[in-house]
Q: 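There's a structure below that I have some questions on.
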Amino acid sequence: MTNKTRVATASLAGCFGCHMSILDIDERIIQLADLVEFDRTPITDIKEVGECDVGIIEGGVCNADNVEVLKEFRRNCKILVSLGACSINGGIPAMRNQYTLKQCLEESYLHGIGVEDAQIPSDPEIPLLLNKLHPIHEVVWVDYFLPGCPPPADTIWTFLEELLSGKPIEFAYRQIRYD
Amino acid sequence: MSGQFIIDHKPVPFEPGQTIMDAAMAAGIYIPHLCHNPEFHPHASCKLCTVKINGRPASACTTQAAEGAVVESETDELMDDRRILLKMLFVEGNHVCPACEKSGRCQLQAVAYYCNMLAPEFTHFYPQRDVDASHPDMVIDFNRCILCNLCVRASRDVDGKDVFAISGRGIGSHLIISSPSGRLGDSAFDAEDKAAQVCPVGAIMLKHQGYDVPIGQRLYDQEPVSVVGDVAKYVVKKHDQ
């Protein structure tokens, strides 16, 4: 074990764009690797989240598995960060909240264009969808919000740098975007 | 007789009849606002321009400037209040910035950036609202309407058409369209109308175009609303004198 800050990340109902943006910090990722130890993330491919200092969540909560992962993150992470439009307000996936779940499933699997062998998937391995998609702060307490679709790499870097060095979290005007 | 008052320790001159907002804007001082547009009679409904005048809260857009008044605007308390108002506006509608053509030149977004709002944080309503695309040139997306009343005022006072009105009370308040069917396409609305150009958000939009300005070059991409918003032309005028 090292004294490095342990960081875990997960993508729930997101597109992994925010994770791509984390990688977009380019060579600074080497600097980051000196400062932090990655726990569960899509980069390490660790499946369970351990005790961590910082948990970063991309995407909203759309199914039972998302709820479980999110609560596990909250239990294990001292600081939880809501990263990107979808985890903050549901984003594009929340546009389904205008319709009932039944309407969404029927449109996708029964009546959609080009659907063959029409049937709504019911394999028990598939996590059950929630009636509505929720931003993560409606399920667990969130400590920090970083908006953007995705948040620019520079914004993520500024945040991590300030957080890890104990400085106040502050951003330049151009670093904060909702789109 | 003209006079002078103070906003956040800065002296601001005013002419008789000017509101705090008018005088501040003429002096190039930005007070956050959404329902106010200097071209129209003030409405004082969004409450974002609430300032403290001699210690008492009041809307800057409807309160007359008074000699020697001490006005506070950018205090932590008032900025906190503004963030709360903005968060409520965001959760009451469906504001999907990444999928909105107005993004980057949206005043709701710009004011929220200015007030350092990072997230709406409250529980989202996800209201069920329609999109009316019945008009050949214009589309109205009720999901994004913040009930600023600007289209109502523009259509009534400038266009003389009374195409729009706010109906209902409280959380049931909503924008309605004056036409036999209630649809925009059956109304007297025209893309050349003043009411077609005043929406601060992406609710009333021109059809057949969108995303025409690249990210990075949109109105509020580089500079905040306090610099490039409606206060900008007053700053220029002042410099030209």
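This is a predicted model, so every value here is computed, not measured. In what follows, chains carry the letters A, B, and so on, assigned in the order in which the sequence lines appear, proteins first and then strands, with residues in each chain numbered from 1.
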Q: Against chain A, label B:Asp221 side chain, backbone, both or neither, depending on which of its atoms sit under 4.5 Å from a heavy atom there.
A: both
Q: Have a look at A:Tyr178 and tell me which of B:Cys97, B:Cys100, B:Ser103 forms a side chain to side chain contact (heavy atoms under 4.5 Å, CB included) with it.
A: B:Cys97
Q: Would you mind checking which part of B:Tyr220 comes under 4.5 Å of any heavy atom in chain A, side chain (CB onward), backbone (N, CA, C, O), both or neither?
A: both
Q: Can a donor-acceptor pair be found, under 3.5 Å and without considering hydrogens, that links the side chain of A:Tyr173 to the backbone of B:Tyr113?
A: no
Q: Work out which heavy atom in B:Tyr126 is nearest to a heavy atom in A:Leu133; give both atom names and the distance.
A: CE1-O, 3.6 Å
Q: Do you know the tightest heavy-atom contact between B:Thr123 and A:Glu138?
A: CA-OE2, 3.4 Å
Q: With a cut-off of 6.0 Å (strictly less than), are more than 12 heavy atoms of other residues, nucleotides or ligands near CD of A:Glu48?
A: no
Q: Is the count of non-hydrogen atoms from other residues, nucleotides or ligands lying under 6.0 Å from B:Lys207 atom NZ greater than 12?
A: yes
Q: Between NE2 of B:His124 and CG of A:Asn97, what distance do you get to the nearest 0.5 Å?
A: 10.0 Å
Q: To the nearest 0.5 Å, tell me how far B:Phe122 CZ sits from A:Asn89 CG.
A: 14.0 Å
Q: Is it the case that over 12 heavy atoms from other parts of the model lie below 6.0 angstrom from the CG atom of A:Asp34?
A: yes
Q: What part of A:Gln98 gets closer than 4.5 Å to chain B, counting heavy atoms only: side chain, backbone, both or neither?
A: both
Q: Name the option with the most non-hydrogen atom pairs under 4.5 Å to chain B; the candidates are A:Pro147, A:Gly148, A:Cys149.
A: A:Pro147
Q: Specify which of A:Ala85, A:Pro135, A:Gly91 makes the most heavy-atom pairs with chain B at under 4.5 Å.
A: A:Pro135
Q: With only heavy atoms counted, which part of B:Glu121 is less than 4.5 Å from chain A, the side chain, the backbone, both or neither?
A: both
Q: Just by distance, do the side chain of A:Arg177 and the backbone of B:Gly104 share a donor-acceptor pair under 3.5 Å?
A: no
Q: Side chain, backbone, both or neither: which part of A:Tyr99 has a heavy atom under 4.5 Å from chain B?
A: backbone
Q: Has A:Tyr109 got more than 12 heavy atoms of other residues, nucleotides or ligands less than 6.0 Å from its OH?
A: no
Q: Kindly give the heavy-atom pair with the smallest separation between B:Ala119 and A:Ile88, and that separation in Å.
A: CB-CG2, 3.5 Å
Q: Looking at A:Gln103, I'd like to know if its CD atom is crowded, meaning that more than 12 non-hydrogen atoms belonging to other residues, nucleotides or ligands lie closer than 6.0 Å.
A: yes
Q: Say you draw a straight line from CD of B:Gln128 to OG1 of A:Thr100; how long is it, rounded to the nearest 0.5 Å?
A: 9.0 Å
Q: Heavy-atom count around B:His9 NE2 within 6.0 Å, excluding the residue itself: above 12?
A: no
